[in-house]
Number of protein chains: 2
Amino acid sequence: MAHSGEALNTVSPAGVMLWRKIADDIEHAIVRGDFATGEKLPSEQDIADRFGVNRHTVRRALAELTERGLVRAERGSGTYVEPARISYPIRARTRFSEIINASGRMAGGRLLASSKEPAPRDIALRLDLPPNAMTIRLEILRSANRVPISLGTTWLPADLAPDAAKIYRAARSVSRLLAHIGFRDYKRRDTRVSAAMADAIHAAKLQLTPGRPLIVVDSVDIASDGRPILTSHARFAADRVELVIEN
Amino acid sequence: MAHSGEALNTVSPAGVMLWRKIADDIEHAIVRGDFATGEKLPSEQDIADRFGVNRHTVRRALAELTERGLVRAERGSGTYVEPARISYPIRARTRFSEIINASGRMAGGRLLASSKEPAPRDIALRLDLPPNAMTIRLEILRSANRVPISLGTTWLPADLAPDAAKIYRAARSVSRLLAHIGFRDYKRRDTRVSAAMADAIHAAKLQLTPGRPLIVVDSVDIASDGRPILTSHARFAADRVELVIEN
DNA sequence: ACTTATTTGTTCGTATGTATG
DNA sequence: ACATACATACGAACAAATAAG
């Protein structure tokens with residue numbers, strides 16, 4: 001609550017969509033920095049009074065901003081400014097650590113589990129392996145500035161790196177793991193994106209409320225000779241990330 | 001229930017992850033066509049008996065397939081094979097009708113609402129317009145084979161096509177609308193992807209259960225000279241579509 | 001309208017094997 | 001060697017929704 005006062009005190013000129021004007025003004029106040037991340041907005045009634053409108057109109061405006069992820073309303077408490085979502089570009093060279101570091105945050109990766117096991121049907125297909133070929137499976141929780149971002153399972157052919165888990169633990173990054181076993185210029189072949197709701201287990205690991213939306217990303221990475229060397233199935237907290245595809 | 005019988009009757013060889021073997025076998029039976037889309041699988045107890053395992057083990061396998069969207073369980077009724085998700089490629093030339101038609105389905109688009117209004121803050125930014133410049137807003141429900149796929153709002157600068165709604169109604173496609181006003185080779189500049197839950201209103205329009213996941217796609221299209229001519233905010237039913245990004 | 005059987009969902013308990021310290 | 005924790009798998013019972021008569 002650094003400031004307060006006139007932040008939202010703008011006159012409403014035009015004659016179209018009152019709630020939109022108000023939404024725009026609140027958004028402007030937020031991006032301008034009048035309200036810090038996590039800070040509580042004035043109450044709906046306060047805002048309504050300042051604009052000289054009914055509280056319903058303010059609620060319509062806040063609903064717009066809520067849907068766009070700028071604010072979050074807590075019943076009985078207030079409306080809070082949400083942290084800006086991290087832009088996560090999907091490119092041929094997509095590496096978590098680089099992306100997070102480039103955004104000025106600290107990338108983290110924690111190996112939750114690992115195993116050596118025969119490839120499930122779909123994974124064998126993706127990696128272009130014979131059915132039941134052995135793979136290394138790594139389950140990794142990734143974070144930015146200690147905030148969980150994604151929960152992913154990564155598979156790679158076992159013959160490429162039988163001790164992948166150990167290497168990962170030392171390297172603390174999949175790209176460094178791959179570099180260590182000789183793949184320095186691997187690249188993304190394709191990325192498939194869907195969405196799901198967080199169940200209790202995923203929510204706990206990602207420090208989310210169950211039911212919050214997840215972006216589900218399935219990807220295949222290939223070596224320079226085109227051979228698939230890695231595939232992953234990851235769930236991103238949609239509240240904290242947005243994928244960006246540039247053409 | 002065209003078939004039945006031996007479809008799931010496979011022996012379990014290896015000694016690793018029983019439920020995974022079963023999941024793989026069921027998946028195989030589905031992709032092989034032993035069970036048609038919408039068809040009911042045998043009951044959990046039936047499957048358990050055939051494999052000679054506990055029902056919990058079958059449930060673990062079905063949970064895997066449920067999460068991957070291959071089947072859907074209905075309490076008291078049964079477990080059903082889900083329709084395959086439509087692959088929706090995100091490329092420089094991304095046009096809904098072409099994509100759906102190329103998949104062998106019939107593309108549909110219904111204009112739910114339209115208006116001429118000053119651009120909201122974020123839309124003005126995307127279209128590189130001065131604040132409050134007039135835009136045409138089109139709200140469109142798109143479908144494939146009569147099944148709702150996405151619910152989107154499209155904005156374009158009003159000076160480009162003051163009668164965009166009328167043209168759309170005749171052309172029944174945004175790409176044909178743009179072609180009609182002289183933009184034949186527009187292309188996608190960027191695409192931002194997030195996720196959300198369907199609220200009651202969106203769910204009703206998309207014929208979904210409220211709470212189901214949506215893929216939220218924000219995009220900007222540019223003319224050949226690089227000028228933004230169209231931006232859209234669309235929600236895709238994640239149960240019915242997956243986005244594909246190829247590199 | 002009511003009953004009964006079927007089917008998925010949930011919660012106990014038990015046993016076993018495998019890591020971890 | 002031992003204790004602890006964890007995941008897999010089995011078993012039994014019951015709740016809740018659905019379908020059938």
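Per chain, numbering begins at 1; letters A, B, ... match sequence-line order.
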In whole Å, I'd like the distance from the [atom1] atom of [X] to the [atom2] atom of [N].
X	N	atom1	atom2	value
B/R60	D/dC6	CZ	P	18 Å
B/E44	C/dT10	CD	P	11 Å
A/E139	D/dA7	CD	P	10 Å
B/L62	C/dT10	CG	P	14 Å
B/E64	D/dA7	CD	P	16 Å
B/R59	C/dT10	CZ	P	7 Å
B/K40	C/dT7	NZ	C1'	8 Å
A/L112	D/dC6	CG	P	13 Å

Item to check | Residues B/I149, B/F96; criterion side chain to side chain contact (heavy atoms under 4.5 Å, CB included); working and verdict | outcome: CA-CA 10 Å; B/I149 296 298; B/F96 182 82; 4.1 Å; yes

Next on the checklist: If we check side-chain contact (heavy atoms from CB on, under 4.5 Å) with A/P157, which of these qualifies: A/T135, A/L129, A/D128?
Outcome noted: A/L129

Item to check | Pair B/K205 + B/E139: basic N to acidic O under 4.0 Å | outcome: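 So B/K205 pairs with B/E139 through a salt bridge.
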
Item to check | Note: A/R188-A/D221 ion pair, threshold 4.0 Å (strictly below) | outcome: yes

Show me the side-chain donor-acceptor pairs of residues 239-247 of chain A shorter than 3.5 Å, one per line, residues at least two apart or across chains.
residue: A/D239; atom: OD1; partner: A/R212; partner atom: NH1; Å: 3.3
residue: A/D239; atom: OD2; partner: A/R212; partner atom: NH1; Å: 3.2
residue: A/R240; atom: NH1; partner: A/P148; partner atom: O; Å: 2.8
residue: A/R240; atom: NH1; partner: A/L206; partner atom: O; Å: 2.8
residue: A/R240; atom: NH2; partner: A/Q207; partner atom: O; Å: 2.7
residue: A/E242; atom: OE2; partner: B/R192; partner atom: NE; Å: 2.8
residue: A/E242; atom: OE2; partner: B/R192; partner atom: NH2; Å: 3.1

Next on the checklist: A/H233 and side chain to side chain donor-acceptor pair (under 3.5 Å): which single residue from A/D122, A/D218, A/T154 fits?
Outcome noted: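 Exactly one candidate clears the test, A/D218.
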
Item to check | Criterion salt bridge (Lys or Arg N to Asp or Glu O under 4.0 Å) on A/E64 and A/R59, from CA distance to verdict | outcome: CA-CA 9 Å; A/E64 175 78 9; A/R59 286 184 58 77; over 6 Å; no

Could you list, one pair per line, each protein nitrogen or oxygen that sits under 3.5 Å from a nitrogen or oxygen of nucleotides 11-13 of chain D, together with the distance?
residue: D/dG11; atom: O6; partner: B/H56; partner atom: NE2; Å: 2.7
residue: D/dA12; atom: N6; partner: B/H56; partner atom: NE2; Å: 3.1

Next on the checklist: Taking atom NE2 as the centre, does B/H202 end up with more than 12 heavy-atom neighbours from other residues, nucleotides or ligands that are less than 6.0 angstrom away?
Outcome noted: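 Above 12, so yes.
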
Can you pull every protein N or O that's under 3.5 Å from an N or O on nucleotides 15-18 of chain D?
residue: D/dA16; atom: O4'; partner: B/R75; partner atom: NH1; Å: 3.1
residue: D/dA16; atom: O3'; partner: B/R75; partner atom: NH2; Å: 3.4

Checklist outcome for this item: Note, DNA chain C 5' to 3' with Watson-Crick or G-U pairs under 3.5 Å encoded as ( ), [ ], | and . gives .||||||||||||||||||||

Next on the checklist: Between B/D49 and B/I47, does the side chain to side chain contact (heavy atoms under 4.5 Å, CB included) criterion hold? Intermediate values first, please.
Outcome noted: CA-CA 5 Å; B/D49 291 344; B/I47 299 176; over 6 Å; no

Checklist entry - B/S43: what forms a side chain to side chain contact (heavy atoms under 4.5 Å, CB included) with it, not counting sequence neighbours? => result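 Partners of B/S43 under the side chain to side chain contact (heavy atoms under 4.5 Å, CB included) test: B/Q45, B/D46.
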
Checklist entry - How far apart are the C-alpha atoms of B/V53 and B/W19, what are their side-chain angles, what is the distance that settles it, and do they pass the side chain to side chain contact (heavy atoms under 4.5 Å, CB included) test? => result CA-CA 9 Å; B/V53 300; B/W19 62 265; over 6 Å; no

Taking only N/O atoms, report every protein-nucleotides 14-19 of chain C pair under 3.5 Å with atom names and distance.
none

Next on the checklist: Would A/R95 pass as a cation-pi partner of A/Y186, given that its NZ or CZ must be under 6.0 Å from the six-membered ring centre and within 45 degrees of the axis?
Outcome noted: yes

Item to check | From CA spacing to verdict: side chain to side chain contact (heavy atoms under 4.5 Å, CB included), B/R60, B/L18 | outcome: CA-CA 10 Å; B/R60 179 68 185 83; B/L18 201 42; over 6 Å; no

